[in-house]
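These notes concern the structure reproduced below.
What you see below is based on every heavy atom in this structure, not just the backbone, and it leaves out hydrogens, waters and symmetry mates. The first residue of the sequence shown is numbered 1, and numbering continues consecutively from there.
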Amino acid sequence: MTYGGDDRGRRMPPQRPPSGRPRQHQPAQMMPLPGRGSSPYDERTRPMGTRGDERPAGPPPRRPGPPQPPLGRPADGARPPRRRKRWGFGKVLLTLLTVFVVFLAGVWVYLEFSINRVDALGYSDHPAAAEGTNWLIVGSDSRDGLTPEEQEKLVTGDSKAAGGGRRTDTIMIAHVPDNSTKPTLLSLPRDSQVKIPGHGTNKINAAFSIGGPALLAQTVEGATGLRIDHYAEIGFGGFAKIVDAIGGVHMCVDKPMEDTLTGIKIEPGCQDLQGPQALGFVRMRHSAATPRSDLDRVANQRKFIGALVSEIGSPGTLLNPFSLFPLLSTAPDALTMDSGDHVHNLVGLALAMRGISSGGVVTTTVPVTNGSAENWDKTKSKLLFDALKNDTEIPDSAILT
């Protein structure tokens with residue numbers, strides 16, 4: 001078939017009739033992003049059983065990224081700054097408590113192994129044990145460790161002039177009850193005439209000069225019927241050094257005191273007695289202020305011991321290093337205890353005696369028949385000793401102040 005016109009006789013190709021199925025257009029594909037989607041090589045590794053235009057089920061695999069720094073560390077590899085631990089109140093308190101306990105333990109061990117020991121109670125024939133606990137407390141005239149200059153300063157006197165040997169200026173029994181009865185501090189006058197085992201009748205302080213602490217303890221047990229459980233002794237020099245270590249002991253003196261024998265003078269009024277004055281105060285009996293001689297002297301001794309114990313146990317001493325450390329360094333050399341005694345026994349005694357100044361402790365002397373204090377009143381003395389044996393209150397008639 002030909003047409004006229006401009007085709008110049010050219011024949012147009014015949015048109016194909018439209019098929020029944022519409023022509024499909026292939027969608028445009030975008031290049032995959034690096035690390036994500038598929039790649040041209042995925043066709044080679046397509047799982048079996050899938051068609052070319054199908055992709056495996058599930059998310060596409062993720063390409064591993066750059067290594068991440070450990071948790072808590074910056075990306076540049078530098079270590080993070082360490083945080084300073086803050087100490088809370090509880091931790092500070094616990095640390096201080098621990099230090100305090102360690103300090104006490106160290107002091108305890110130091111005293112336990114440093115205090116002088118003597119076998120004072122090693123004999124076997126003791127009286128039967130009764131109620132409470134009894135201490136024998138001795139203040140000796142020992143001048144051991146004192147230089148001639150120190151003896152002159154303390155006015156200790158000449159031991160040869162005093163009869164030689166070791167003697168006791170102070171003999172006391174401290175009774176600590178097992179019940180609520182008040183503790184008792186009992187003085188035994190040094191000139192008391194008693195039976196000394198193996199040596200007949202003599203002044204009680206002669207027992208110490210003859211046989212030392214053991215014979216004195218036996219003599220006291222035989223005269224009183226009380227079993228002695230503990231022993232403590234302090235000499236002239238040790239007593240004065242302890243007083244000086246704590247800065248003196250505060251005492252109120254009612255009358256002027258001047259010993260005509262030693263020349264020691266103490267003015268009236270409230271004052272801090274230092275070592276030499278304190279030693280003179282507890283030894284003085286030849287003075288207008290001590291008309292009862294030895295009876296007044298033992299009363300002053302109990303008064304001073306009460307003030308001394310209170311001073312040692314006060315916060316001003318225990319919390320003051322300038323008092324505590326000199327005391328700790330002085331006490332072991334100044335004190336002598338029985339070989340079976342320990343620091344906890346001494347602490348128990350101190351706690352029991354701390355009420356002397358406030359009236360919490362009964363202070364008395366063995367009842368005597370006259371001012372010479374050589375002979376004991378048998379009836380009143382028995383009432384006193386029986387009360388101590390049974391931990392009962394001492395009758396007023398048996399108390400001699």
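Each of T365, T170, T364 was compared with R302 under the side-chain hydrogen bond (donor to acceptor under 3.5 Å, both in side chains) criterion, and only T365 meets it. Under the salt bridge (charged side-chain N to carboxylate O under 4.0 Å, His left out) rule, R285 has a single partner from D296, D191, D169, D259, which is D191. Only one option out of I171, V194, L188 pairs with T219 in a side-chain contact (heavy atoms from CB on, under 4.5 Å); it is V194.
F281 and I266 make their closest contact through CB-CD1, 3.8 Å (heavy atoms, listed as atom of the first residue, atom of the second, distance). Heavy-atom minimum distance, A278 versus F304: CB-CZ, 3.4 Å. Residues L185 and I356 come closest through the heavy atom pair CD2-CD1, 3.7 Å. Taking both residues in full, the closest heavy atoms of P332 and N116 are given as O-ND2, 3.4 Å, listed atom of the first, atom of the second, then distance. Closest approach of P326 to P321, counting heavy atoms only: CD-O, 3.6 Å. Closest non-hydrogen pair, D178 versus D391, comes out as N-OD2, 2.8 Å.
Listed for the H175 side chain is a donor-acceptor partner under 3.5 Å among the backbone atoms of L388. In terms of modelled atom types and a separation under 3.5 Å, the side chain of Q301 and the main chain of V282 share a donor-acceptor contact. Looking at N300, its side chain never comes within 3.5 Å of a backbone N or O of R297 through a donor-acceptor pair. The backbone N or O of A307 lies less than 3.5 Å from no partner atom in the side chain of S310, so there is not a single donor-acceptor pair. Checking side-chain atoms of H126 against main-chain N and O of L121 turns up a donor-acceptor pair under 3.5 Å. In this structure, T224 contributes its side chain and L226 its backbone to a donor-acceptor pair below 3.5 Å. Between the N390 side chain and the D386 main chain, a donor and an acceptor come within less than 3.5 Å of each other. The closest donor-acceptor contact from the side chain of T290 to the backbone of S287 lies under 3.5 Å. Side-chain atoms of K380 never come within 3.5 Å of backbone atoms of L400 as a donor-acceptor pair (strictly under, hydrogens ignored). Put simply, the side chain of D341 gets close to the backbone of Y231: a donor and an acceptor are under 3.5 Å apart.
Between Y110 and E112, the side chains place no donor N or O within less than 3.5 Å of an acceptor N or O (distance only, hydrogens not considered). Inspection of the T181 and N179 side chains reveals an N or O donor paired with an N or O acceptor under 3.5 Å. No hydrogens or angles considered: nothing links the side chains of E311 and H250 as a donor-acceptor pair under 3.5 Å. Checked by atom type, the side-chain pair T369/W376 shows no donor-acceptor distance below 3.5 Å.
The CG atom of L215 lies 9.5 Å from the OH atom of Y123; values are rounded to the nearest 0.5 Å. With values rounded to the nearest 0.5 angstrom, T363 atom OG1 is found 9.0 Å from M172 atom CE. Here the OG1-CD1 distance, from T201 to I204, works out to 12.0 Å after rounding to the nearest 0.5 Å. One finds the SG atom of C252 at 9.5 Å from the CG atom of L273 (value rounded to the nearest 0.5 Å). The OG atom of S323 lies 7.5 Å from the CD1 atom of I246; values are rounded to the nearest 0.5 Å. Rounding to the nearest 0.5 Å places CG of L324 at 8.5 Å from CG of L319.
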Walk me through whether M337 and L346 qualify under side-chain contact (heavy atoms from CB on, under 4.5 Å). CA-CA 9 Å; M337 298 175 63; L346 191 62; 4.2 Å; yes
Steps toward side-chain contact (heavy atoms from CB on, under 4.5 Å) verdict (K203, R190): CA-CA 7 Å; K203 293 181 179 181; R190 55 176 281 177; over 6 Å; no
Stepwise side-chain contact (heavy atoms from CB on, under 4.5 Å) test for L327 and T317: CA-CA 9 Å; L327 176 62; T317 298; 4.3 Å; yes
Do K303 and M251 pass the side-chain contact (heavy atoms from CB on, under 4.5 Å) test, and can you show the C-alpha distance, the side-chain angles, and the key distance before you say yes or no? CA-CA 9 Å; K303 184 179 180 180; M251 294 289 296; 3.8 Å; yes
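Within 6.0 Å of CZ in R227 there are more than 12 heavy atoms belonging to other residues, nucleotides or ligands. Within a 6.0 Å sphere centred on CD of E393, other residues, nucleotides and ligands contribute 12 heavy atoms or fewer.
No salt bridge links K241 with D244; every basic N to acidic carboxylate O contact stays at or beyond 4.0 Å.
In this structure the side chain of Q193 reaches within 4.5 angstrom of the side chain of N375, judged on heavy atoms. Considering only heavy atoms from C-beta on, V107 stays 4.5 Å or farther from F325 through its side chain. Counting heavy atoms from C-beta on, the side chains of P268 and D254 never come closer than 4.5 Å.
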